[in-house]
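Notes follow once the structure below has been shown.
The sequence lines fix the lettering, A, B, ..., with proteins before strands; numbering per chain opens at 1. Nothing here was measured: the structure is a model prediction, and the numbers come from that model.
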Number of protein chains: 2
Amino acid sequence: MSEQPSTAASSQPKARRAGGYHHGDLRSALLDAARQLIEDRGPNEFTMKDASQMAGVSVAAPYRHFSDREGLLAALTDEEFRIRATELETIRDSLPLGSIDAIIAMGQSYVSRAVERPGLFHLIFGSERPDPAGGPHHLETSNGDRCFGALVGAVMAFVEAHSCPKDDVMGLVGQLWSIVHGAASLQIHHNFQRMLPEIDTQALIHDAAHNLLTGYLAGQNRS
Amino acid sequence: MSEQPSTAASSQPKARRAGGYHHGDLRSALLDAARQLIEDRGPNEFTMKDASQMAGVSVAAPYRHFSDREGLLAALTDEEFRIRATELETIRDSLPLGSIDAIIAMGQSYVSRAVERPGLFHLIFGSERPDPAGGPHHLETSNGDRCFGALVGAVMAFVEAHSCPKDDVMGLVGQLWSIVHGAASLQIHHNFQRMLPEIDTQALIHDAAHNLLTGYLAGQNRS
DNA sequence: AACATATGTTAGCCGTATTAACATAGACCC
DNA sequence: GGGTCTATGTTAATACGGCTAACATATGTT
């Protein structure tokens with residue numbers, strides 16, 4: 001029950017609602033509102049005011065649950081990472097361990113999620129601050145780790161299945177991650193649409209992963 | 001003289017300055033200010049107020065030169081695309097036509113520029129609007145076309161040099177673009193730094209392009 | 001010199017984030 | 001069952017940033 005976006009009046013929390021002075025589960029309601037607003041317009045256009053209105057409370061109420069706008073977005077980011085992590089883990093576990101298909105399917109899921117909800121992709125990966133110093137970063141959340149871990153596991157299994165040295169795993173992970181992340185970004189920002197209108201992004205992921213891993217194995221066998 | 005960021009009091013425009021009521025070349029001064037602010041803090045943190053102050057004018061003055069904040073950013077985006085296009089074309093023309101090295105060097109340039117100025121990369125590629133409909137898009141500018149065209153040219157030469165069918169060119173372009181764009185994005189957002197601290201992004205580009213193109217050629221020869 | 005145009009300035013409006021001061025609902029205690 | 005504490009709302013009020021309107025001053029045209 002903690003996997004799906006909390007739909008306000010759900011389970012264990014006291015969700016009274018209806019005319020009461022207190023909302024019952026404002027925190028969840030705000031996250032739901034924010035999710036929808038960001039899906040529709042992207043994170044930059046998201047306003048606390050709109051989220052408050054959707055939840056049926058005053059503009060000041062959210063500050064009882066989140067330190068500020070950033071805090072709300074950070075909480076939503078973590079929720080979204082959790083959903084993606086679970087999905088990636090499911091895919092990894094439902095396809096043959098060490099197969100190229102598992103890697104490809106994970107990549108396609110990554111892109112699908114991004115394309116379905118561009119605003120949310122932008123939220124979780126789109127931090128703009130040039131300075132990495134201050135405060136915890138998005139991917140730093142444990143759910144971000146889970147996403148990354150799922151990919152690493154699939155690639156690790158792949159190189160082991162092909163008797164390759166494990167030293168290369170992280171390099172391969174970086175290359176594959178770049179492909180899927182880049183494809184997702186370019187698709188979302190309509191760059192493919194403008195420059196490569198015919199492109200099928202899912203096919204691109206398939207072909208790119210295939211080419212990359214084939215080329216990698218060829219390099220291994222030769223040396 | 002039109003390649004470098006216009007440094008305010010330069011050449012053909014009347015650049016009087018010094019105590020005068022009129023600035024002389026406010027437009028360029030604003031673009032320079034915006035460039036610096038965005039380099040430092042990213043496009044979201046950029047404010048018209050700060051840019052005006054840096055240029056030494058009132059907050060309303062910029063609106064004589066740009067329709068609004070978006071207009072200023074669009075103009076800066078085009079300038080930045082022009083700089084990158086020229087660089088990519090230079091690289092393409094200075095390395096053996098059809099060589100894999102030319103493709104790799106272009107990719108490395110793409111990433112270098114991004115890493116050096118994350119804010120500007122974010123500006124030119126970071127539009128968040130889910131709706132592609134309204135108005136001209138960033139890459140739509142002719143300078144965006146030039147960037148893309150340089151990459152296409154290099155890949156086209158590569159497949160021709162290897163006697164591959166030209167049908168695949170756009171697919172390859174999409175795959176290579178995804179790699180460099182993804183690597184740049186992940187690096188900029190500190191995702192590599194968190195998850196793959198040892199990674200060398202330039203090497204990643206080299207290896208990924210090499211693996212991808214090797215795998216592609218292998219697929220060609222086999223069929 | 002008078003006008004027309006381009007380019008600045010000041011003042012002010014509006015929308016949004018955030019905080020301060022106050023209000024009320026529930027929970028807990030006796 | 002009433003008193004008190006805490007959590008959670010509400011209504012101002014403040015501050016900042018984009019943008020426009022009304023006014024001012026250069027430039028240069030004739």
Side-chain angles (χ1 to χ4, degrees), chain A residues 6 8-10 12-34 37-38 40-76 123 128-129 135, chain B residues 6 8-9 12-34 37-38 40-76 119 123 128-129 135:
Chain A
S6 45
S10 49
Q12 73 279 58
K14 55 291 173 78
R16 302 164 212 91
R17 204 70 266 275
Y21 186 91
H22 285 109
H23 180 285
D25 195 8
L26 219 207
R27 187 189 155 90
S28 294
L30 288 169
L31 288 172
D32 289 343
L37 288 167
I38 289 172
D40 291 347
R41 317 183 205 160
N44 275 1
E45 277 61 31
F46 163 79
T47 68
M48 295 296 272
K49 191 184 174 189
D50 289 344
S52 303
Q53 188 171 7
M54 284 180 73
V57 296
S58 70
V59 291
Y63 295 89
R64 295 291 179 194
H65 299 272
F66 304 98
S67 63
D68 55 12
R69 196 186 111 113
E70 275 297 307
L72 195 164
L73 295 180
L76 182 58
L123 168 70
E128 295 188 1
R129 306 181 187 47
Chain B
S6 44
Q12 74 277 62
K14 53 288 170 82
R16 299 162 215 93
R17 206 67 268 274
Y21 186 91
H22 286 108
H23 180 285
D25 195 8
L26 220 207
R27 188 188 153 91
S28 294
L30 288 169
L31 288 172
D32 289 343
L37 288 167
I38 290 171
D40 291 346
R41 319 182 204 161
N44 276 2
E45 278 60 27
F46 163 79
T47 68
M48 296 295 273
K49 192 182 172 191
D50 288 344
S52 303
Q53 187 170 8
M54 282 182 74
V57 296
S58 71
V59 291
Y63 296 90
R64 296 291 180 194
H65 300 272
F66 304 98
S67 62
D68 55 11
R69 194 187 111 114
E70 275 297 307
L72 194 163
L73 294 181
L76 183 57
L123 168 70
E128 297 188 356
R129 308 187 183 43

* **Length of the CE-P vector between Met48(A) and dT19(C), whole Å** => 10 Å

* Spacing of Asn44(A) atom CG and Asn44(B) atom CG [to the nearest 0.5 Å] -> 4.0 Å

* Could you give me the CA-CA distance, side-chain angles and deciding distance for Met48(A) and Phe66(A), then say whether side chain to side chain contact (heavy atoms under 4.5 Å, CB included) is met? => CA-CA 11 Å; Met48(A) 295 296 272; Phe66(A) 304 98; 5.5 Å; no

* From dA17(C), dG17(D), dC19(D), pick the nucleotide closest to the side chain of Val59(B)? -> dC19(D)

* Under 4.0 angstrom, heavy atoms only, what part of the nucleic acid is Thr47(A) near: base, sugar-phosphate, or nothing? -> sugar-phosphate

* Asked: Of the nucleotides dT18(C), dT20(D), dG18(D), which one has an atom closest to the side chain of Arg69(B)?
  -> dG18(D)

* For Leu73(A) and dA17(C), what is the distance between atoms CG and C1' respectively, to the nearest whole Å? -> 12 Å

* To do: Would you mind telling me which of dT9(C), dT8(D), dT10(D) lies closest to the side-chain atoms of His65(A)?
  => dT8(D)

* Quick one: does Arg41(B)'s side chain have a donor or acceptor within less than 3.5 Å of a partner on Gly119(B)'s backbone? -> no

* Starting at CG of Leu72(A) and ending at C1' of dT18(C), how long is that distance when rounded to a whole Å? -> 14 Å

* Given dG18(D), dT18(C), dT20(D), which nucleotide is nearest the side-chain atoms of Lys49(B)? -> dG18(D)

* Which listed nucleotide (dT10(D), dA17(C), dT9(C)) is nearest to the side chain of Ala60(B)? -> dT9(C)

* Structure fact -> Whole-Å distance, Leu30(A) CG to dT8(D) P, equals 12 Å

* Asked: Checking all strands, does Phe66(B) fall into the base, sugar-phosphate, or nothing category for heavy-atom contacts under 4.0 angstrom?
  -> nothing

* What is the distance, rounded to the nearest whole Å, between atom CG of Asp25(A) and atom C1' of dG26(C)? -> 16 Å

* **Asp50(A) vs Ser67(A), nearer the 5' end of DNA chain C by closest nucleotide** => Asp50(A)

* Asked: In whole angstrom, what separates Leu26(A)'s CG from dA25(C)'s P?
  -> 16 Å

* Ignoring hydrogens and geometry, is there a side-chain-to-backbone donor-acceptor pair from Arg69(A) to Phe46(A) under 3.5 Å? -> yes

* Starting at the 5' end of DNA chain C, which residue's closest nucleotide do you reach first, Ala61(B) or Asp68(A)? -> Ala61(B)

* To do: Search all heavy atoms of Ala33(A) against all heavy atoms of Ala51(A) and return the closest pair with its distance.
  => CB-O, 3.8 Å

* Can you tell me how far C1' of dG15(C) sits from CG of Asn44(A), to the nearest Å? -> 16 Å

* **Nearest-angstrom distance from the residue atom CD of Glu45(A) to P of dG15(C)** => 16 Å

